[in-house]
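What follows is a set of notes on a single structure, which appears directly below.
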There are 2 protein chains.
Amino acid sequence: MTAARGRGRPRDPQTDTAILRAALELFIERGVEGASIEQIAKRAGVGKLTVYRRWSGKEELIAQAVEQTIPRDLVPSPEDVEAMAPQEIIERMLPAAAETVASPEFRALTARMMGSAVSHPALMAAYWKHHILPRRELAAAMLRHAQKDGAVSADADPDVLIDMMVGAVTWRVLQPDPPDAAEMLRYIKAVYQQIGLYRPSPES
Amino acid sequence: MTAARGRGRPRDPQTDTAILRAALELFIERGVEGASIEQIAKRAGVGKLTVYRRWSGKEELIAQAVEQTIPRDLVPSPEDVEAMAPQEIIERMLPAAAETVASPEFRALTARMMGSAVSHPALMAAYWKHHILPRRELAAAMLRHAQKDGAVSADADPDVLIDMMVGAVTWRVLQPDPPDAAEMLRYIKAVYQQIGLYRPSPES
DNA sequence: TTTTATTTACGGGACGGTATCGTTAATTGA
DNA sequence: TCAATTAACGATACCGTCCCGTAAATAAAA
């Protein structure tokens, strides 16, 4: 990326972000092995050497793009999780979460990340560290809260429960005939209900 | 593929299988975008034209290669599922299933299939129809059985429960630091237990 | 029945064209 | 004045097609 102050012409930070954005787009469109430095440079409106000067290769560039340029949806603060009941947090977040998860962008990114997990583990590692782990810790806090309340079975491993929820949803959106946002909302409720994190309101 | 009886020299069926095998290998190694007809032909020991004579393009070829992959894990017959208790079926199958699912081959194929789900839906559709659906029907039968017995909550949607089990496992094997067979066995038991399909034996 | 002609499959390789690679040279700008 | 940048470079890979010489089957003729 942009180096420290040197003597000659400084690098343009906007160039960095343009390259990273182009890299993420092309990763999603074509995957790691389908994307090329040449395309990324072209889409960023930049010469190839401008890319090579900053990153040693495709993998490093895409990994950093995954770290830095994925739009983050809003996550409740840890304090909220401690204070509020899981049921309340979940009911407040579910519609937006369903919308996000059912979107074509999420589907595409999820597919490409999964597809790269074995051949390019560093990519998945970056995604895991920067995007998944923070959310998992939040979910684990919610689950522990719910286990104290008795809604979730106390002997269950929170990591396994999280995998079941996340795995079901990600797997569902990659299946043929993926759900739209409304169907996804019902689906997530069914999953959470099975775990014990959600109880349907009487009227719905 | 090999056409019906014609006038001239018939096509060699072994050539078909050699091409399909090479196509599946290269799909797993490099993904749809990374594989090429040229490589597939070379690995199969065959001229390019011999491939083009049978398939119109990479996608069709790989789709058929995925269809015809013969998974060697044994599936219990539907009669077994009706007759035996789910607990018994599961306990009998779990160790082999854990071994399969934790293997590098399964991880790699799973990653590539997921990775192609959005960009090449026909590929996922072929996999779904030929490999996933039959197993889902078996699992659904087991779940209905278990719901009658009261082990699994009767109001739960079997499709959702299957997604939770399959999703958790596939997601788990694609995470950084994937489990070995022994750890996978414990993991699957935890998942099944949460669903209600498994109860740990007293001594273990 | 035997021979010959015809037809298709096959491995191998060449083709014109395009895309990508990583490097080198020339230009631009703070 | 020095680093950033663009453009050009040769090399390699792949595409889809075509041709060569050979092999293997069927169909027609002797």
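Just so we're on the same page: letters track the sequence lines, and every chain starts at 1. Heavy atoms only: backbone and side chains are in, while hydrogens, waters and symmetry mates are out.
- For DNA chain C, none of the residues of residues 24-42 of chain B falls under the heavy-atom distance limit of 4.0 Å.
- The CG atom of B/Leu61 sits 12 Å away from the P atom of D/dG16 (whole-angstrom rounding).
- Side-chain proximity of A/Lys48 to D/dT6, C/dC21, D/dT17: nearest is C/dC21.
- Taking only side-chain nitrogens and oxygens, A/Thr50 never comes nearer than 4.0 Å to OP1 or OP2 of D/dA4.
- Between the P atom of C/dG22 and the CH2 atom of A/Trp55 lies a distance of 16 Å, rounded to the nearest Å.
- Contact detail for B/Arg30 and A/Glu33: the closest heavy-atom pair is O-CG, 3.0 Å.
- Within the 4.0 Å cut-off from OP1 or OP2 of D/dC18, not a single side-chain nitrogen or oxygen of B/Arg53 is found.
- Separating the CZ atom of B/Arg7 from the P atom of C/dA9 is a distance of 12 Å, rounded to the nearest angstrom.
- A salt bridge links B/Arg172 and B/Glu183; the closest N-O separation between the charged side-chain nitrogens and carboxylate oxygens is under 4.0 Å.
- Ion pairing between a basic and an acidic side chain is recognised when a charged N comes within 4.0 Å of a carboxylate O; B/Arg54 and B/Asp16 show such pairing.
- When rounded to the nearest whole Å, the span between CZ of B/Arg11 and P of C/dA9 equals 5 Å.
- Atoms OG1 and CZ, on B/Thr69 and B/Phe27 in that order, are 9.0 Å from each other to the nearest 0.5 Å.
- Spacing between atom CD of B/Glu59 and atom P of D/dC15 amounts to 10 Å, rounded to whole angstrom units.
- A donor and an acceptor atom, one from each side chain of A/Trp128 and B/Gln175, are nowhere located under 3.5 Å apart.
- No more than 12 heavy atoms of other residues, nucleotides or ligands sit less than 6.0 Å from atom CZ of B/Arg21.
- A pairwise comparison of heavy atoms in A/Ser56 and A/Glu60 identifies OG-CD, 3.4 Å as the closest pair.
- With rounding to the nearest 0.5 angstrom, the OG atom of B/Ser119 is 12.0 Å from the CD1 atom of A/Ile28.
- Taking atom CG of residue B/Asp16 and atom P of nucleotide C/dG11, one finds them 11 Å apart after rounding to whole Å.
- At whole-Å resolution of the value, CD1 in A/Ile19 and C1' in D/dT6 are 13 Å apart.
- Summarising the geometry, the separation between CZ on A/Arg54 and P on D/dA3 is reported as 15 Å, rounded to the nearest angstrom.
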Hey, what are the protein-to-nucleotides 19-24 of chain D N/O distances that come in under 3.5 Å?
residue, atom, partner, partner atom, Å
D/dA23, N3, B/Arg9, NH1, 3.2

Task: B/Arg136 vs B/Asp163, salt bridge (Lys or Arg N to Asp or Glu O under 4.0 Å): CA-CA, chis, key distance, verdict - done: CA-CA 9 Å; B/Arg136 279 183 86 93; B/Asp163 284 348; 3.0 Å; yes
